[in-house]
Amino acid sequence: MSDHRSRFLQLALHAQALRFGEFTLKSGRLSPYFFNAGRFDSGARLADLAACYADAVEASGVSFDLLFGPAYKGIPLATALGCEFARRGRDLPVAFNRKEAKDHGEGGLLIGAPLEDRRVLIVDDVITAGTAIREALGLIRAGGGVPAGIVVALDRQETLNDGGQGDAEGTPRPSAAQSVAEETGVPVIAVASLHDLLAFAGESADLVQHRDRLLAYRARYGSALQG
């Protein structure tokens with residue numbers, strides 16, 4: 001496992017952003033683990049998280065020249081990542097959106113640097129159904145930008161629908177992140193994935209007790225197309 005992946009998982013555990021137990025997700029699924037990027041709630045934690053994001057982005061080789069944070073969690077993540085890239089010697093413009101358009105002052109839905117003619121990297125925490133990401137892609141294109149990539153902290157590598165890893169014809173179902181990438185043509189980069197979490201848990205005496213439940217959950221909901 002690459003250093004940024006194991007470092008991210010260690011940071012997530014320390015911040016209690018990654019927890020194990022029984023958690024009912026928005027989808028109604030009962031998950032043995034839960035990730036909440038909102039627990040990276042201090043300057044030091046955000047800085048450490050941004051370094052993991054930056055390492056993952058640099059390893060991907062994606063070309064971009066603007067960071068975009070979808071409201072709400074994407075806003076501090078894109079801002080922190082912008083600060084990390086500046087620390088590394090690359091000063092990038094940053095933009096984000098409002099949930100509702102403002103009809104006074106500067107108005108509109110977008111705040112920050114202009115998107116026109118820029119290759120935009122979307123920065124968010126996770127992709128679930130992909131709705132927020134698709135909205136962000138629409139805003140970027142409407143603003144004249146070109147979506148270059150999407151980076152998230154954790155890819156759960158789950159199918160969007162229940163019923164196993166294949167459809168009635170046996171065709172493997174893609175994960176939410178894979179569906180977004182295939183539908184939009186925009187690559188999705190994850191700092192870490194469920195696959196990495198399983199490897200990480202298998203190497204930790206403190207976490208190995210959770211590995212069987214993680215494997216069972218992946219067998220039920222995981223995409224057969226995952227890495």
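Position 1 is the first residue of the sequence; numbering continues from there. Every value quoted in this text rests on a predicted model; they were computed, and no experiment measured them.
The shortest side-chain heavy-atom distance between Gln10 and Arg7 does not fall under the 4.5 Å cut-off. For the pair Leu214/Pro32, a side-chain contact is recorded, criterion being any heavy-atom separation below 4.5 Å from C-beta on. Using a 4.5 Å heavy-atom threshold, the side chains of Leu121 and Val57 count as touching. In this structure, the side chains of Leu92 and Phe64 come closer than 4.5 Å at one or more pairs of heavy atoms. At least one side-chain heavy atom of Ser63 sits under 4.5 Å from a side-chain heavy atom of Arg119. Side-chain atoms of Thr131 and Glu135, non-hydrogen and from C-beta on, do get closer than 4.5 Å to each other.
Judged purely by atom type and a 3.5 angstrom limit, Asn97 uses its side chain to pair as donor or acceptor with the backbone of Ala71. Under a 3.5 Å cut-off, the side chain of Ser6 and the backbone N or O of Asp3 do form a donor-acceptor pair. Not a single donor-acceptor pair under 3.5 Å links the side chain of Arg211 to the backbone N or O of Leu207. Looking at Tyr53, its side chain never comes within 3.5 Å of a backbone N or O of Val151 through a donor-acceptor pair.
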**Study point:** From CA spacing to verdict: salt bridge (charged side-chain N to carboxylate O under 4.0 Å, His left out), Asp65, Arg90
**Key:** CA-CA 10 Å; Asp65 41 39; Arg90 188 180 183 195; over 6 Å; no
Check your understanding: For Gln157 and Arg218, what are the C-alpha separation, side-chain angles and deciding distance, and is it a side chain to side chain contact (heavy atoms under 4.5 Å, CB included)?
Key -> CA-CA 8 Å; Gln157 297 181 308; Arg218 184 176 72 170; 5.6 Å; no
Exercise for review: Show your reasoning for whether side chain to side chain contact (heavy atoms under 4.5 Å, CB included) applies to Leu11 and Arg45.
Suggested key: CA-CA 8 Å; Leu11 289 168; Arg45 287 176 175 175; over 6 Å; no
Point to revise | Full working for side chain to side chain contact (heavy atoms under 4.5 Å, CB included) between Ile189 and Val62 | key: CA-CA 9 Å; Ile189 305 153; Val62 67; 3.7 Å; yes
Exercise for review: Go through Ile150 and Ile133 one step at a time and tell me if the side chain to side chain contact (heavy atoms under 4.5 Å, CB included) criterion holds.
Suggested key: CA-CA 8 Å; Ile150 302 159; Ile133 292 295; 3.5 Å; yes
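Here the closest non-hydrogen pair linking Ala148 and Val186 is C-CG1, 4.0 Å. Nearest heavy atom pair, residue Ala51 against residue Arg88, reads O-NH2, 3.2 Å. In terms of heavy-atom proximity, Phe68 sits nearest to Ala78 at C-CB, 4.0 Å. Gly74 approaches Asp124 most closely through the heavy-atom pair N-OD1, 3.7 Å. The minimum heavy-atom distance linking Ala95 with Leu115 is given by the pair CB-CD2, 3.8 Å. Residues Ala80 and Ala50 share a closest heavy-atom pair of O-CB, 3.5 Å.
Screening Gln16, Arg19, Lys73 for a side-chain hydrogen bond (donor to acceptor under 3.5 Å, both in side chains) with Asn36, the sole residue that qualifies is Lys73. Only one option out of Leu110, Val123, Leu139, Ile111 pairs with Phe96 in a side-chain contact (heavy atoms from CB on, under 4.5 Å); it is Ile111.
Taking CG of Leu18 as the reference point, atom CG of Leu154 lies at 7.5 Å (rounded to 0.5 Å). For the atom pair Leu197 CG and Asp155 CG, the distance stands at 11.5 Å (nearest 0.5 Å). Between atom CZ of residue Arg39 and atom CZ of residue Phe34 there is a gap of 10.5 Å, rounded to the nearest 0.5 Å. To the nearest 0.5 Å, atom OG1 of residue Thr184 and atom CZ of residue Arg141 are 6.5 Å apart. Put simply, CD1 on Ile122 and CG on Leu67 are 11.0 Å apart, with the number rounded to the nearest 0.5 Å. From Leu194, atom CG reaches atom OH of Tyr217 across 9.0 Å, with rounding to the nearest 0.5 Å.
A salt bridge does not link Arg5 with Asp55: none of the charged nitrogens is closer than 4.0 Å to a carboxylate oxygen.
No cation-pi contact links Arg156 to Tyr221, judged by a cut-off of 6.0 Å to the six-membered ring centre and 45° from its axis.
Residues Glu158 and Ser223 bring no donor and acceptor atom of their side chains to less than 3.5 Å of each other. A donor-acceptor contact closer than 3.5 angstrom links the side chains of Gln178 and Ser175.
By the salt bridge (Lys or Arg N to Asp or Glu O under 4.0 Å) test, Arg213 is found to be paired with Glu22, residues two or more places apart in sequence or in another chain being considered.
Note: Phe35 and Phe40 have tilted aromatic rings, judged against thresholds of 30 and 60 degrees for the angle between ring planes.
Using a 4.5 Å cut-off between side-chain heavy atoms of Ile, Leu, Val, Met, Phe, Trp and Tyr, with links allowed through other members, Leu198 and Phe200 fall into the same hydrophobic cluster.
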